[in-house]
Peer 1: 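Encoded as structure tokens, here's the structure I'll be asking about.
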Amino acid sequence: MLTSAPRGTKDILPSQTRHWHLIEQVIAQLCQEYGYEEIRTPIFEHSEVFHRGVGDSTDIVQKETYDFTDRGGRELTLRPEGTAPTVRALLEHKLYAGPQPVKVYYQGPMFRFGRPQKGRLRQFHQFGIEVFGATTAQVDAEVIAMAMDFYRRLGLKDIELLLNSIGCPQCRPGHREALQQFLEPQKEEMCQDCKSRFDKNPMRILDCKEEKCQKLSHDAPTTVGYLCDDCNNHFTEVKELLDAAGVEFTLDERLVRGLDYYTRTAFEIISKDIGAQSSIGGGGRYDHLVEKLGGPPVPGMGFGLGLERLLLTMEEQGLLETEKAEKRHIFIASIGEGTKTVAFGLMQTLRRQGLFVEMDYQDRSLKAQLKTASNRFQAPYVLIVGEGELEKGEVTLRAMNKGTQENIPLYEAPERLYALIQEDRDREKG
RNA sequence: GUGGCUGUGGCGAAGUGGUUAACGCACCGGAUUGUGGCUCCGGCACUCGUGGGUUCAAGUCCCAUCAGCCACCCCA
């Protein structure tokens, strides 16, 4: 269909862009305050970046990537997430060679091929941050706290932070084995998906949504119980730091994130107000991703927050301004030969003073012009430029809310209007 | 990728096989000659997502296709 955007994509129309601007401003401000600098990577990468980075066994790579071959025969993929590309850039430009930790943020479109539904698009936007080169719990806590701070600044209510630690390559095998042993006797009762997870990635059985699987795994060993000393200490410290910062969280031993590269801290933020796709953001530590992509052992930690889902939540919670933004201070109506030229000049003069001015562009009747001035633009003042007035070097200044009007010399108009609008502004400020 | 529901003008929405496709909002115009927000009047769908088919006759039935919504999987 020529006249509709591709499935799962959306035009962001003027009535929506203002909300995006708001979010983008908060992002820029927040990141500046927290010491993160923006990085902009291409929206597509060599497919390898995601296969090796995100992980071949993940759903994202197995069935959700937009892959294509370019005319030069290169295998490319539209980025499904922002971490792997950021790591790639880190390596390419050897950003890790400078002062550490490296703290960067990104904001932009991501692509995943899935069936669209509420809160799920094929092209969606994420705001994410990454910290490279530090393993301490303070980094984890800062990243998490920053995500919550972001939501707080936008006024979000009723969101929940879920927290877990999924261990490292040292402690995971132990857990895996214990889990398989525990589940083995009940293997036949699990759902199809979980049966296949049993060997591939048994950890994921823990957060299966099927009721019977939840029951079966209810008392199953969780990752937290098998953490090695280092991971355990790290996790404890993260929790202490969050407490110290006044960030509330819920421990969720079943939280297992879908990307292969996570280690230790994993977290997710959910909103109850936006339907089944309740996760509005998430992240975690990934201490081996950089190596996996061929770099030196540089640890990382970050988050990715979904902007459409954020907007959905804000809309649901009544946090978005719904007032139309077309308000103008002054509307210039014109009638008769040659008046448009004067009106146009006047409009530009007024605009140069910083006023919001609009005029009629279509030779409409005065009646129609006034209607537009009051209905559409809610202009408190209308300047009427007519042949009669012009002959005397005057224009009519009409105060719309009072319904009064007077003739004033044309040359005085800019000054008069500027003063009037200033007065109104002062009055609004109280 | 799987399932359910839906698809009529810019938006919302009637229409359940039969002459010219209700209505509301929005938009545009008019109610005597240059004056608004209220009221009144008028205009605005050669056409019912698209393509086939059934029928004397289809927006109304059937099939396909595309899209939207919701859910599953998974995730933002």
Side-chain angles (χ1 to χ4, degrees), chain A residues 1-10 13 15 54 57-64 79-83 107-128 147 191-194 196-197 201 204 207-210 213 255-259 268-271 274-283 303-313 324 331 333-337 339 360 362 364-390 395-405:
Chain A
M1 250 271 208
L2 191 63
T3 54
S4 64
R7 181 159 210 205
T9 67
K10 263 201 168 75
L13 301 174
S15 59
V54 177
S57 72
T58 59
D59 277 18
I60 291 179
V61 168
Q62 275 186 354
K63 55 183 197 188
E64 289 181 354
R79 63 180 185 194
E81 54 96 60
T83 300
Q107 190 274 307
M110 303 294 163
F111 306 84
R112 289 183 203 174
F113 189 89
R115 269 244 208 170
Q117 76 184 78
K118 185 166 188 168
R120 168 180 291 145
L121 299 178
R122 287 180 175 179
Q123 177 176 166
F124 61 102
H125 296 75
Q126 280 190 341
F127 155 44
C191 71
Q192 272 317 107
D193 286 330
C194 284
S196 69
R197 283 172 185 149
N201 196 352
R204 298 206 60 86
D207 69 356
C208 179
K209 310 295 186 286
E210 286 284 328
C213 298
L255 174 65
V256 175
R257 310 225 68 236
L259 313 179
E268 192 162 320
I269 298 154
I270 59 175
S271 160
I274 55 170
Q277 306 308 316
S278 59
S279 170
I280 56 174
F303 66 57
L305 313 182
L307 266 25
E308 279 81 0
R309 288 185 188 174
L310 168 61
L311 244 8
L312 268 180
T313 308
K324 285 233 173 88
F331 187 88
S334 51
I335 8 132
E337 277 299 304
T339 57
D360 175 68
Q362 309 174 79
R364 302 198 302 159
S365 68
L366 180 64
K367 184 196 190 88
Q369 294 184 56
L370 285 171
K371 195 171 172 181
T372 297
S374 75
N375 283 7
R376 178 172 171 190
F377 296 116
Q378 292 168 40
Y381 302 100
V382 171
L383 277 180
I384 301 171
V385 183
E387 284 176 289
E389 289 97 321
L390 276 190
V395 290
T396 299
L397 170 58
R398 181 172 175 83
M400 296 300 273
N401 31 33
K402 295 197 199 96
T404 59
Q405 62 185 46

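Chain naming here is simple, since letters A, B, ... match the order of the sequence lines and numbering starts at 1 in each. Because the structure is a prediction, the values reported are computed rather than measured.
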Peer 1: Answer with base, sugar-phosphate or nothing: what part of the nucleic acid does A/G128 contact at a heavy-atom distance below 4.0 Å?
Peer 2: nothing
Peer 1: Among B/G36, B/C75, B/C28, which is the nearest nucleotide to the side chain of A/T372?
Peer 2: B/C28
Peer 1: For B/C25 and B/U50, measure between their C1' atoms and round to the nearest Å.
Peer 2: 28 Å
Peer 1: Atom CD1 of A/I270 to atom C1' of B/C75: distance rounded to whole Å?
Peer 2: 13 Å
Peer 1: Could you check how far CZ of A/R7 sits from C1' of B/U50, rounded to whole Å?
Peer 2: 16 Å
Peer 1: Between the protein and nucleotides 5-11 of chain B, list the N/O to N/O atom pairs that are separated by less than 3.5 angstrom.
Peer 2:
none

Peer 1: Quick one: does A/R120 reach the base of B/C70 with a side-chain donor-acceptor pair under 3.5 Å?
Peer 2: no
Peer 1: Select base, sugar-phosphate, or nothing to describe what A/L310 touches, counting heavy atoms under 4.0 Å on all strands.
Peer 2: nothing
Peer 1: With P as the reference atom in both, quote the distance from B/A26 to B/C41 in angstrom, rounded to an integer.
Peer 2: 15 Å
Peer 1: Write down the distance between OH (A/Y381) and C1' (B/G36), rounded to a whole number of angstrom.
Peer 2: 16 Å
Peer 1: Ignoring hydrogens and angles, are the base of B/A71 and the side chain of A/R115 linked by a donor-acceptor pair under 3.5 Å?
Peer 2: no
Peer 1: If you measure from the P atom in B/G1 to the same atom in B/U8, how many Å do you get, rounded?
Peer 2: 25 Å
Peer 1: Within less than 4.0 Å of OP1 or OP2 of B/A71, is there a side-chain N or O belonging to A/Q117?
Peer 2: yes
Peer 1: Starting from C1' on B/A76, measure out to CZ on A/F113 and report it in whole angstrom.
Peer 2: 18 Å
Peer 1: So, using side-chain contact (heavy atoms from CB on, under 4.5 Å) as the criterion, who are the partners of A/S278 when residues are at least two apart?
Peer 2: A/I270
Peer 1: What pairs with A/Q107 under side chain to side chain donor-acceptor pair (under 3.5 Å), at least two apart in sequence or on another chain?
Peer 2: none
Peer 1: Taking only the P atom of each, what is the distance from B/G42 to B/C5 in whole angstrom?
Peer 2: 42 Å
Peer 1: Do you know the tightest heavy-atom contact between A/A373 and A/V382?
Peer 2: CB-CG2, 3.6 Å
Peer 1: Within the side chain of A/E387, is there an N or O that forms a donor-acceptor pair under 3.5 Å with the backbone of A/T339?
Peer 2: no
Peer 1: Can you sort out the partners of A/T396 under side chain to side chain donor-acceptor pair (under 3.5 Å), two or more places apart, ordered by chain and number?
Peer 2: A/E389, A/N407
Peer 1: Under the salt bridge (charged side-chain N to carboxylate O under 4.0 Å, His left out) rule, what pairs show up with a residue in residues 114-124 of chain A, not counting sequence neighbours?
Peer 2: none
Peer 1: Under a 3.5 Å cut-off for both distances, is B/A76 Watson-Crick or wobble paired, and to whom?
Peer 2: none
Peer 1: Nearest to the side chain of A/P116, which nucleotide is it out of B/C73, B/C69, B/G36?
Peer 2: B/C69
Peer 1: On RNA chain B, does the nearest nucleotide to A/S374 precede the nearest nucleotide to A/G275 from the 5' side, or the other way round? Give the residue.
Peer 2: A/S374
Peer 1: Taking only residues two or more places apart in sequence, or in another chain, which ones meet A/Y381 in a ring-ring contact (aromatic ring centres under 6.0 Å, His included)?
Peer 2: none
Peer 1: In chain order, what residues pass the side chain to side chain donor-acceptor pair (under 3.5 Å) check against A/Q405, with sequence neighbours excluded?
Peer 2: A/R398
Peer 1: Can you tell me how far C1' in B/A22 sits from the matching atom in B/G15, rounded to whole Å?
Peer 2: 8 Å
Peer 1: Which value, in whole Å, describes the distance between the P atoms of nucleotides B/U60 and B/G7?
Peer 2: 11 Å
Peer 1: Please tabulate, one pair per line, each protein N/O and nucleotide N/O from nucleotides 29-35 of chain B that are separated by under 3.5 Å, including the distance.
Peer 2:
{"residue": "B/G29", "atom": "OP1", "partner": "A/R364", "partner atom": "NH1", "Å": "3.3"}
{"residue": "B/G29", "atom": "OP2", "partner": "A/R364", "partner atom": "NH1", "Å": "3.4"}
{"residue": "B/G34", "atom": "O6", "partner": "A/G388", "partner atom": "N", "Å": "3.4"}
{"residue": "B/G34", "atom": "O6", "partner": "A/E389", "partner atom": "OE1", "Å": "3.0"}
{"residue": "B/G34", "atom": "N1", "partner": "A/E389", "partner atom": "OE1", "Å": "2.9"}
{"residue": "B/G34", "atom": "N1", "partner": "A/E389", "partner atom": "OE2", "Å": "3.1"}
{"residue": "B/G34", "atom": "N2", "partner": "A/E389", "partner atom": "OE2", "Å": "3.0"}
{"residue": "B/U35", "atom": "O2", "partner": "A/R398", "partner atom": "NE", "Å": "3.3"}
{"residue": "B/U35", "atom": "O2", "partner": "A/R398", "partner atom": "NH1", "Å": "3.2"}
{"residue": "B/U35", "atom": "O2", "partner": "A/Q405", "partner atom": "OE1", "Å": "3.3"}
{"residue": "B/U35", "atom": "N3", "partner": "A/Q405", "partner atom": "OE1", "Å": "3.0"}
{"residue": "B/U35", "atom": "N3", "partner": "A/Q405", "partner atom": "NE2", "Å": "3.1"}
{"residue": "B/U35", "atom": "O4", "partner": "A/Q405", "partner atom": "NE2", "Å": "2.8"}

Peer 1: Let me spell it out: for each of A/G403 and A/R376, pick the nucleotide of RNA chain B with the closest heavy atom. Which residue's pick is nearer the 5' end?
Peer 2: A/R376
Peer 1: Nearest whole Å is fine: how far is B/A76 P from A/Q277 CD?
Peer 2: 11 Å
Peer 1: Can you name the residues that form a side-chain contact (heavy atoms from CB on, under 4.5 Å) with A/I335, not counting sequence neighbours?
Peer 2: A/L366, A/I384
Peer 1: In this structure, how many angstroms lie between the P atom of B/G37 and the CD atom of A/Q378, rounded?
Peer 2: 14 Å
Peer 1: Using the C1' atom in both, what is the distance from B/U32 to B/G59, to the nearest Å?
Peer 2: 44 Å
Peer 1: Provide the Watson-Crick or G-U wobble partner of B/C48, both distances under 3.5 Å; none if there is no partner.
Peer 2: none
Peer 1: If I take atom CZ in residue A/F303 and atom P in nucleotide B/A76, what distance separates them, rounded to the nearest angstrom?
Peer 2: 13 Å
Peer 1: CG of A/L311 versus P of B/A76: gap in Å, rounded?
Peer 2: 18 Å
Peer 1: Would you call the rings of A/F377 and A/F331 parallel, tilted or perpendicular, where under 30° means parallel and over 60° means perpendicular?
Peer 2: parallel
Peer 1: Quick check against the 3.5 Å criterion: does A/R309 have a side-chain atom that pairs as donor or acceptor with the backbone of A/G281?
Peer 2: no
Peer 1: What's the gap between B/G43 and B/G24 when it is taken at their P atoms, as a whole Å value?
Peer 2: 12 Å
